[in-house]
There are 2 protein chains.
Amino acid sequence: MKQLEIFKALSNKTRLEILLWLKDPATSFPEQVHAGFEVGVCVGEIQKKAGLTQSTVSEYLSILQRAGLVSSTRVGQWTYYKRNEETFIELSKIIESDI
Amino acid sequence: MKQLEIFKALSNKTRLEILLWLKDPATSFPEQVHAGFEVGVCVGEIQKKAGLTQSTVSEYLSILQRAGLVSSTRVGQWTYYKRNEETFIELSKIIESDI
DNA sequence: AATATATATCGACTTTTTCCGATATCCCTA
DNA sequence: TAGGGATATCGGAAAAAGTCGATATATATT
């Protein structure tokens, strides 16, 4: 687990918001037609909610993914992102004891 | 607790190292003449160990302090910094449940 | 009061991050 | 296989962070 990379990923307001939205997609996003929320939320919906450009949001999701905070699944032309809860648990433990 | 400010403070290799050193000053720093480690470690010792200039280390300690991760005590001409463990505990809980 | 030592602050320069528009890639359907 | 929609990648401008040297401030000693 690369702590520094994780903290950098968390050092941005929009990225923190995205992580919060992904915590409970059903209340944060409109119903998804092509997939349930179990697989995640597609980039387009996240982008609309964030109010930034598509390229920026795509980049932000990559940053979160490289840090291990989210994972993605491609289904057809959509990429769905969801939280990687194990990483949050690990991080919480690291802060308790290793930092 | 300002999460974003905390994560920014933690997004730097040297600052993470400083926090680790402060976790066990007795093994990380030479004996202090003018005060025990209970009050913290003085800026000069932290600076030597970090290998950066005095101004940079002083700035870094301010950043950590503004984030609530350390606190300082002035004794004579020295300023001693020590960890603020409550903040780490709080942060760990926030990551468990609020992020 | 003058000097010395420890720390903080300031101004400048460099590097990194933020965020965009344009373009490329991937996948679907006609 | 051509066109369209979703996402990723690239290149760049602007803002923020990293880092330094110089200077200011605070305290201690003589």
Side-chain angles (χ1 to χ4, degrees), chain A residues 2 4-19 22 25 29-35 37 39-67 69-82, chain B residues 2 4-19 22 25 29-35 37 39-67 69-82:
Chain A
K2 297 158 284 177
L4 189 56
E5 190 171 12
I6 294 180
F7 289 131
K8 284 186 181 177
L10 294 173
S11 293
N12 176 280
K13 190 152 172 293
T14 302
R15 290 196 294 266
L16 282 179
E17 285 171 348
I18 291 172
L19 289 172
L22 291 180
F29 297 97
E31 200 65 30
Q32 283 189 139
V33 181
H34 297 85
F37 285 126
V39 293
V41 180
C42 72
V43 179
E45 289 302 327
I46 298 172
Q47 189 238 314
K48 277 185 227 156
K49 186 139 180 150
L52 295 173
T53 62
Q54 189 273 319
S55 60
T56 298
V57 172
S58 177
E59 165 76 1
Y60 280 8
L61 289 168
S62 292
I63 290 171
L64 291 172
Q65 183 161 38
R66 279 198 297 276
L69 293 163
V70 303
S71 63
S72 68
T73 314
R74 182 106 199 191
V75 179
Q77 42 191 337
W78 292 276
T79 307
Y80 297 91
Y81 283 88
K82 70 175 170 199
Chain B
K2 300 157 280 175
L4 189 56
E5 191 171 11
I6 293 180
F7 289 131
K8 283 185 182 176
L10 294 173
S11 293
N12 175 280
K13 190 152 169 294
T14 302
R15 289 195 296 265
L16 283 179
E17 285 172 347
I18 290 173
L19 289 172
L22 291 181
F29 297 97
E31 200 65 29
Q32 284 188 141
V33 180
H34 297 83
F37 286 128
V39 293
V41 180
C42 71
V43 180
E45 288 302 326
I46 299 173
Q47 189 239 314
K48 276 187 228 158
K49 186 139 179 149
L52 295 173
T53 62
Q54 189 273 320
S55 60
T56 298
V57 172
S58 177
E59 166 77 0
Y60 280 8
L61 290 167
S62 293
I63 290 171
L64 291 172
Q65 183 161 37
R66 279 197 297 274
L69 293 163
V70 303
S71 63
S72 68
T73 314
R74 181 106 198 191
V75 178
Q77 41 190 339
W78 293 275
T79 307
Y80 296 92
Y81 283 89
K82 68 175 171 198

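We use all heavy atoms of the structure for the numbers below, so side chains are in, but hydrogens, waters and symmetry mates are not. Computed from a predicted model, the values in this text were never measured in an experiment.
The side chain of A:Q77 lies closest to D:dA6, out of D:dC20, D:dC10, D:dA6. Set against D:dA17, D:dA8, D:dC20, the side chain of B:T56 has D:dC20 as its closest nucleotide.
Checked for salt-bridge contact, A:E17 and A:K13 meet the test: a charged N lies under 4.0 Å from a carboxylate O.
Of all heavy-atom pairs spanning A:R15 and A:I63, the tightest one is NH1-CD1, 3.7 Å. Between A:F29 and A:E45, the closest heavy-atom pair is CE2-O, 3.8 Å. When all heavy atoms of A:V70 and A:L61 are compared, the pair lying nearest together is CG2-O, 4.0 Å. The shortest heavy-atom contact between A:A9 and A:L69 is CB-CD1, 4.0 Å.
A side-chain donor from one of A:S11 and B:S11 sits under 3.5 Å from a side-chain acceptor of the other. Looking at B:S55 and B:S58, their side chains never bring a donor and an acceptor atom within 3.5 Å of each other.
Mapped onto DNA chain D by nearest heavy atom, B:R15 and A:Y81 fall at different nucleotides, with A:Y81 at the one closer to the 5' end. Between A:V75 and A:S55, the residue anchored closer to the 5' end of DNA chain C is A:S55, taking for each the nucleotide with the nearest heavy atom.
Residue contacts for B:L52: at a heavy-atom cut-off of 4.0 Å it reaches the sugar-phosphate backbone alone, with no base atom in range. Note on A:S11: only backbone sugar-phosphate atoms sit closer than 4.0 angstrom, heavy atoms only; bases stay farther off. Among the protein residues, A:S58 comes within range of the nucleic acid bases, having at least one heavy atom under 4.0 Å from a base atom.
For A:W78 and D:dG5, the CH2 to P distance is 11 Å, given to the nearest whole Å. The distance between atom CD of A:Q47 and atom P of D:dG5, rounded to the nearest whole Å, is 15 Å. Rounded to an integer number of Å, the gap from CZ of A:R66 to C1' of D:dA8 is 12 Å. Rounded to an integer number of Å, the gap from CG of B:L10 to P of D:dG18 is 12 Å. For the pair A:E59 CD and D:dT9 P, the interatomic distance rounds to 9 Å; values are reported in whole Å. At whole-Å resolution of the value, CG in A:L64 and P in D:dA8 are 12 Å apart. Remark: P of D:dA15 and NZ of B:K8 are 15 Å apart, rounded to the nearest angstrom. In this structure, A:Q54 atom CD and D:dG5 atom P are separated by 14 Å, rounded to whole Å.
Taking side-chain N and O atoms only, B:N12 has no distance below 4.0 Å to OP1 or OP2 of D:dA17.
First and last contacting nucleotides of DNA chain C toward chain A (any atom under 4.0 angstrom from a heavy atom, 5' to 3' order): C:dT17 to C:dC28.
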